[in-house]
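Since the structure comes first, as structure tokens, the remarks are kept for the end.
Both ligands and their constituent atoms are indexed starting at 1 by order of listing.
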Amino acid sequence: MSHSFILAFFVLIELTQAIISLNPYAPHIVRCPSGSLTRPASGTLCSQESNWVKNRQAVTKQKLANFLAGANLTDFDALSFLTNTSRSINIGLAFSGGGYRAMLAGAGQLSALDERTASSDSGLKGLLQASTYISGLSGGSWLVGSIASNDYVSVDDILAQGKLWDLEKSIFNNFGLDPISAAAYYASISAEVEAKQLAGYKVTVTDPWARALSYQLLSNSPENGAGLTWSSISSLSNLKNYQMPFPILVADGRAPGTQIIDANSTIFEFTPFEMGSWDPSLSQFVQTQYIGSYLNNGKSMTGTCVNGFDNAGFVMGTSSSLFNAFILQIDTVGLPSFLSSLIKLFLLPASIINVDIAYYAPNPFYSSGGSGLLGNLGNLVGSVVGRIIGSNTLYLVDGGEDGQNVPLEPLLQPQRQVDVIFAHDNGADIGGWPSGQSLVETYERQFSSQGGGVAFPYVPDSTTFRNLNLTAKPTFFGCDARNLNALSSNPLDIPLVIYIANRPFSYWSNTSTFRLTYAEDEKRGMIRNGFETETRFNGTIDPEWPACVGCAIIRREQERQGVEQTEQCKKCFAKYCWNGDYYSGPDIGDNFSNDGLTTSSEYYNANNVEGINNGGITLFKRDVEEQEEEE
Ligand SMILES: *[C@@H]1O[C@H](CO)[C@@H](O)[C@H](O)[C@H]1NC(C)=O
Ligand SMILES: *[C@@H]1O[C@H](CO)[C@@H](O)[C@H](O)[C@H]1NC(C)=O
Ligand SMILES: *[C@@H]1O[C@H](CO)[C@@H](O)[C@H](O)[C@H]1NC(C)=O
Ligand SMILES: *[C@@H]1O[C@H](CO)[C@@H](O)[C@H](O)[C@H]1NC(C)=O
Ligand SMILES: *[C@@H]1O[C@H](CO)[C@@H](O)[C@H](O)[C@H]1NC(C)=O
Ligand SMILES: *[C@@H]1O[C@H](CO)[C@@H](O)[C@H](O)[C@H]1NC(C)=O
Ligand SMILES: *[C@@H]1O[C@H](CO)[C@@H](O)[C@H](O)[C@H]1NC(C)=O
């Protein structure tokens with residue numbers, strides 16, 4: 001008995017050692033590939049992406065043909081149109097931030113586009129399969145990141161299997177675990193983060209946050225994704241075989257002590273192949289697999305390279321780092337000492353303002369780009385360039401902190417040739433509902449020194465969005481490329497935007513951004529409502545909606561060919577395009593009527609009415625612990 005006890009004791013010690021030295025979360029040394037690991041952005045995609053996209057386009061063309069053939073477009077022959085296009089039609093899907101609200105509403109929206117969804121209530125099925133790109137930030141990165149990391153599992157399967165997205169208990173409430181399991185949970189998170197530190201990397205609160213998050217988002221993977229990298233998803237079968245859109249997650253640059261996040265901030269994107277920024281303040285990319293290597297101008301300084309830094313959960317944790325702050329509320333008593341010391345470090349007044357910052361140290365862009373480039377760019381954006389490539393650490397924060405809560409920037413890069421973007425806005429601007437402000441920020445950014453050359457169609461102010469029903473039903477922006485001449489010398493390169501804002505149909509889907517738990521029925525209610533938002537209430541509000549979406553998708557190619565729109569498409573555009581009007585009166589407020597239009601919410605708010613459609617359908621209206629709403 002005592003023998004086996006001693007044996008167990010030594011096994012435990014060995015285990016602890018193993019946890020530290022072989023912990024899959026710790027980056028590890030590998031041989032360097034030949035050539036530079038960084039490259040100037042210089043207006044081109046990396047060869048891996050452009051090759052991948054070429055192969056993907058063979059698939060999307062077929063899927064788009066299927067969709068268009070079934071979308072009830074009149075006087076339009078989808079097949080002959082698609083056999084005679086000037087280039088591939090590229091669809092981009094963007095999913096905004098907004099915590100679990102955004103993840104769940106986005107899941108419903110995404111499932112309405114997925115041909116694998118069992119429900120026959122969506123006329124948009126197959127568009128996920130016809131899309132070239134899919135982007136996410138913050139809560140939207142949890143959606144896109146977890147689905148891509150799980151080899152593009154469908155939302156139906158996630159719900160049926162019940163393993164991913166278990167939101168019944170908060171990750172900060174130890175999942176409601178008993179004390180012993182809770183201790184094991186924190187011990188393994190602590191060991192993982194400590195192993196990264198022992199391997200020589202600076203860690204921040206983003207590390208335990210990312211690990212905790214992975215227990216919900218990567219729970220299908222060994223050790224909850226401790227060893228799963230963002231770069232490795234390119235070898236999962238659906239991505240490898242071009243069956244799914246190319247995933248891109250977004251984060252912002254922010255140096256410690258600098259509070260300003262605005263149109264001049266650097267926007268970073270993470271693809272399975274590359275990480276970096278198109279913005280003039282960096283204009284460099286590094287191979288995602290090798291971030292964590294000690295590089296000087298793209299060359300290893302040590303003779304070896306590093307893999308494993310680009311942990312998939314860490315990338316999602318970076319994109320959603322705003323939620324890090326929750327970690328500071330954990331009672332550190334009883335936590336493993338490493339974890340409690342790390343947390344306490346960030347409770348100090350000087351550090352607390354930096355709690356949302358994820359460290360990418362060593363900075364993969366150190367000295368990247370050489371001095372000639374530096375001089376030119378230095379004139380353009382002052383010290384920002386020097387700050388990024390001159391720093392030993394790259395500092396990244398939540399992708400929504402610049403106010404662009406919908407991750408549009410990667411889809412606007414002209415070299416990606418995106419024709420149409422589904423901009424899913426599940427943000428909480430007013431009363432927990434979107435106000436279009438995110439699109440306003442993206443529109444304005446093109447006129448800042450950082451955004452030069454990346455055009456985005458005209459949009460009105462958020463007062464107009466709300467009061468002219470532009471958040472109440474899907475709205476198209478940039479319907480006529482001819483009207484965009486002032487924004488770009490190649491207006492046909494500016495994508496048409498299909499804006500779809502969160503809206504209640506069968507569920508009060510404006511839950512708090514910082515709400516961390518959802519019961520199973522609430523989770524399903526959110527997802528169902530997202531599905532209804534995407535489909536115009538399952539096609540009941542407008543049976544022609546799939547045809548109108550088809551009109552939007554083919555629009556740029558028709559313009560390239562000088563083909564006149566059909567009468568049906570003209571009617572669709574009259575119905576869904578922003579017509580250029582502005583609203584400047586008093587705020588009318590919300591009335592979530594059956595047609596999805598806006599009049600007044602006073603009645604609902606005053607009477608706390610449980611329902612919409614004048615009592616037709618009951619909403620699950622719940623009292624939610626309220627926190628300050630912001631993205
Ligand atoms: C498509 O077909 C039309 C008419 O047959 C032709 O005028 C046009 O040039 C073709 N477009 C392309 C891109 O081949
Ligand atoms: C809309 O379709 C979804 C998916 O099939 C379904 O769950 C939901 O009940 C439908 N909504 C209505 C109002 O029928
Ligand atoms: C097209 O019209 C048919 C007949 O009205 C209908 O059954 C079908 O659901 C429609 N398809 C779409 C995608 O709306
Ligand atoms: C961005 O930087 C430019 C040049 O330094 C400056 O003129 C402009 O005001 C900045 N824009 C914002 C939104 O800070
Ligand atoms: C959700 O919207 C309803 C209707 O406008 C409002 O009464 C409620 O306070 C909102 N809830 C949240 C959490 O913002
Ligand atoms: C917005 O919706 C309301 C309610 O249906 C309607 O009265 C109003 O005319 C709509 N406004 C616009 C600009 O369509
Ligand atoms: C909401 O708007 C609809 C359609 O305009 C209208 O019939 C209904 O009376 C309004 N409800 C409230 C409570 O204002």
TODO: Give a yes-or-no answer on whether the side chains of Asn90 and Thr132 include a donor-acceptor pair shorter than 3.5 Å.
DONE: yes

Open item on the list: Is a donor from one side chain sitting under 3.5 angstrom from an acceptor on the other, for Gln109 and Asn426?
Closed with: yes

TODO: Give a yes/no on whether the SG-to-SG distance for Cys548 versus Cys572 is below 2.5 Å.
DONE: yes

- [ ] Any chance you could measure Asp252, atom CG, to Asp402, atom CG, to the nearest 0.5 Å?
- [x] 4.0 Å

TODO: Indicate the ring-plane relationship of His424 and Phe95, choosing parallel, tilted or perpendicular according to the 30° and 60° boundaries.
DONE: parallel

- [ ] Quick one: closest heavy-atom pair of Ser281 and Ile388, and the distance?
- [x] O-CD1, 3.9 Å

Open item on the list: Please tell me whether Thr266 and Asp279 have a donor and an acceptor in their side chains that are separated by less than 3.5 angstrom.
Closed with: no

Open item on the list: Between ligand 2 and Arg528, is the shortest N or O to N or O distance under 3.5 Å?
Closed with: no

Open item on the list: Any heavy-atom pair between the side chains of Thr117 and Ser154 that's under 4.5 Å?
Closed with: no

TODO: Just say parallel, tilted or perpendicular for the rings of Trp142 and Tyr100, cut-offs at 30° and 60°.
DONE: tilted

Open item on the list: I'd like to know if Ser449 contacts ligand 4, where contact means a heavy-atom distance under 4.0 Å to any ligand atom.
Closed with: yes

TODO: Mind jotting down which protein residues get a heavy-atom contact under 4.0 Å with ligand 3? Chain and number order, please.
DONE: Gly70, Asn72, Gly123, Pro546

Open item on the list: Looking only at the aromatic ring of each residue, does the gap between the centers of Trp578 and Phe465 stay below 6.0 angstrom?
Closed with: no

Task: Per-residue contact class, Phe537 against ligand 2 - non-hydrogen pairs under 4.0 Å - done: side chain

- [ ] Number the atoms of ligand 2 from 1 as they appear, then name those within less than 4.0 Å of a heavy atom of Glu532, with their elements.
- [x] 1 (C), 8 (C), 10 (C), 11 (N), 12 (C), 13 (C)

Task: Contact (N/O only, under 3.5 Å) between Asp262 and ligand 4 - done: yes

Task: Atoms of ligand 2, numbered as shown, that sit under 4.0 Å from any heavy atom of Ser119 - done: 4 (C), 5 (O)

Task: Those atoms of ligand 2 less than 4.0 Å from some heavy atom in Phe531 - done: 2 (O), 3 (C), 4 (C)

Open item on the list: If the cut-off is 4.0 Å to any non-hydrogen atom of Asn538, which atoms of ligand 2 fall inside it?
Closed with: 1 (C), 2 (O), 3 (C), 8 (C), 10 (C), 11 (N), 12 (C), 14 (O)

